[in-house]
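Numbering of ligands and ligand atoms starts at 1, following listing order.
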Amino acid sequence: MIEISHPELQLQIGGPAGAAWVSGIPVLDGDSAENLFPFASLIRREGPFSLYRQQEFLIGVAQALDCADLVESAFQLYQDLFQVLGAKHLCRIWNYLPDINEPNSDGLEQYRAFCRGRAMAFESHFGRGFERVLPAASAVGTDSNRLIVAFAAHDTHPHHYENPLQTPAYQYPLEFGPRPPSFARASVVEEQDRRHVFISGTAAIRDHQSIAPNETEAQLLATLENLKVIMTLCGLPLRPGASATMQRNVKVYIRHASDLGLVAGYLSNHLLGDGDKVSYLRSDICRSDLNVEVEITVLNAQRL
Ligand code: 3EB
């Protein structure tokens, strides 16, 4: 068999001269760079974070240098994140985890270890009731050996949404790990004349159970149903109509590269529209029985 080498996803921030963060995630098809904030400029480096500003958005990216223990790395990196936030409010966090489905030295799955450190940091900073401030997020595997975290925060309080078809992730039962994942299903930022919608990584989970373990096609169906419900709640159609100003970015994480054709065909038929930017990525997903996850970011949508 011929080995095909793929480019890695670049998280680009700012214009062509802006920074491009390499994430250790192979791009199977579609755009190899995602640039959600094309007008951002670097404002400063603080601790492990590089910080950028685009109007009322603060954007930050950091890598944890020591990832021997992801409980500790996540706890530390999130404490640093809260430190640099100042008076801004979190609207989206992207997490890229090394060896996400492998056990750590204590036998705890790396994703669960990460969730533990993340929850501890949220709780120690925001106190009990921290669930109210949890933003949209995603947490997927990377071939890099570093934990990479990027965030977007805003001057205003975003509205955070839950999907009635799904147990809030922060209430998942203990069988999924010692501390549940800390995120909301979607976060929406309202500005004076437009709105920005951040839909979390969305997969085939109903209540708190994985649907159709290891079955990609059935999982796509359930994922699309979840997306439809959460997007409707956020005031968005599943498929966009033409819009001059709105920008939709879709990232699709695929566990088995051989599923690319199936996944891309299905999403072309049921989700994607003209003007969408889409990247198909080879990545492990936080539950080992899940094969696909989709995240959507809609910037500069019209106010309702
Ligand atoms: C899920 O619904 C699938 O831990 O930050 C999706 C989005 C998932 C974010 C996270 C995990 C996270 O539980 C996995």
Side-chain angles (χ1 to χ4, degrees), residues 23 25 64 70-71 73-75 77-78 81 90-101 108-123 130-131 133-142 147-152 160-187 197-214 216 219-220 222-231 233-234 250-255 281 283-297:
S23 56
I25 298 186
L70 270 197
V71 179
S73 318
F75 183 67
L77 202 56
Y78 269 77
L81 193 164
L90 284 167
C91 28
R92 181 63 161 96
I93 306 180
W94 293 265
N95 303 283
Y96 298 97
L97 279 64
D99 300 318
I100 185 167
N101 298 134
L108 187 63
E109 187 189 31
Q110 290 266 88
Y111 173 64
R112 297 175 179 205
F114 163 82
C115 283
R116 184 157 181 240
R118 175 174 60 173
M120 285 162 52
F122 266 107
E123 186 164 46
F130 69 89
E131 290 87 352
V133 305
L134 293 177
S138 51
V140 295
T142 166
L147 171 65
I148 302 162
V149 171
F151 73 85
H160 305 301
Y161 290 85
E162 288 303 316
N163 185 335
L165 298 180
Q166 303 185 283
T167 306
Y170 51 79
Q171 290 172 2
Y172 282 170
L174 269 172
E175 59 181 288
F176 297 100
R179 295 292 302 256
S182 308
F183 70 97
R185 299 293 173 186
S187 297
V197 180
F198 300 90
I199 306 287
S200 287
T202 302
I205 295 175
R206 267 311 129 71
D207 301 323
H208 54 77
Q209 307 285 13
S210 303
I211 294 288
N214 310 307
T216 306
Q219 289 191 0
L220 276 168
T223 299
L224 262 282
E225 285 171 354
N226 281 336
L227 281 172
K228 184 167 189 164
V229 168
I230 190 69
M231 291 179 75
L233 271 177
C234 295
V250 180
K251 296 222 286 304
V252 184
Y253 302 97
I254 302 174
R255 181 181 294 277
L281 308 165
S283 181
D284 290 336
I285 291 152
C286 65
R287 288 188 189 182
S288 47
D289 56 9
L290 293 176
N291 286 351
V292 64
E293 183 172 309
V294 179
E295 66 175 57
I296 302 178
T297 306

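- A donor-acceptor pair under 3.5 Å is absent between the side-chain atoms of Ser187 and the main chain of Arg92, judged by distance alone.
- The cationic group of Arg287 lies under 6.0 Å from the six-membered ring centre of Tyr172 and within 45° of the ring axis, placing it in a cation-pi geometry.
- Short contacts between ligand 1 and Tyr172, defined as distances under 4.0 Å to a heavy atom of the residue, involve ligand atoms 1 (C), 2 (O), 13 (O).
- Donor-acceptor pairing under 3.5 Å is recorded for the side chains of Ser210 and Asp289.
- Within 6.0 Å of CZ in Arg116 there are 12 or fewer heavy atoms belonging to other residues, nucleotides or ligands.
- Here is the list of ligand 1 atoms found below 4.0 Å of a heavy atom in Glu293: 6 (C), 14 (C).
- In this structure, Ala169 falls outside the shell of residues with a heavy atom less than 4.0 angstrom from ligand 1.
- Atom 6 (C) of ligand 1 has as its closest protein heavy atom Gly201 O, 3.2 Å.
- For Asn291 (side chain) and Asn214 (main-chain N/O), a donor-acceptor pair under 3.5 Å exists by modelled atom type.
- Of all protein heavy atoms, the one closest to atom 14 (C) of ligand 1 is Cys286 SG, 2.8 Å.
- Residue Arg118 has at least one heavy-atom neighbour below 4.0 Å for each of these atoms of ligand 1: 4 (O), 5 (O), 10 (C).
- Proximity of a side-chain donor or acceptor of Arg255 to a complementary backbone N or O of Thr216 within less than 3.5 Å is not detected.
- Using the six-membered ring where Trp is involved, Tyr253 and Tyr96 have ring planes that are tilted, between 30° and 60° apart.
- Checking Tyr78 against Asn95 by side-chain atom types alone, a donor-acceptor pair falls below 3.5 Å.
- In this structure, Arg185 is part of the shell of residues with a heavy atom less than 4.0 angstrom from ligand 1.
- By the 4.0 Å heavy-atom criterion, Arg287 is excluded from the residues contacting ligand 1.
- Among Trp94, Phe183, Tyr111, the residue whose heavy atom lies nearest to atom 4 (O) of ligand 1 is Tyr111.
- Residue contacts with ligand 1: Ser200 is placed with no nitrogen or oxygen under 3.5 Å of a nitrogen or oxygen of the ligand (distance criterion only).
- Of all the atoms in ligand 1, the ones that sit under 4.0 Å from a non-hydrogen atom of Ile205 are 1 (C), 2 (O), 3 (C), 13 (O).
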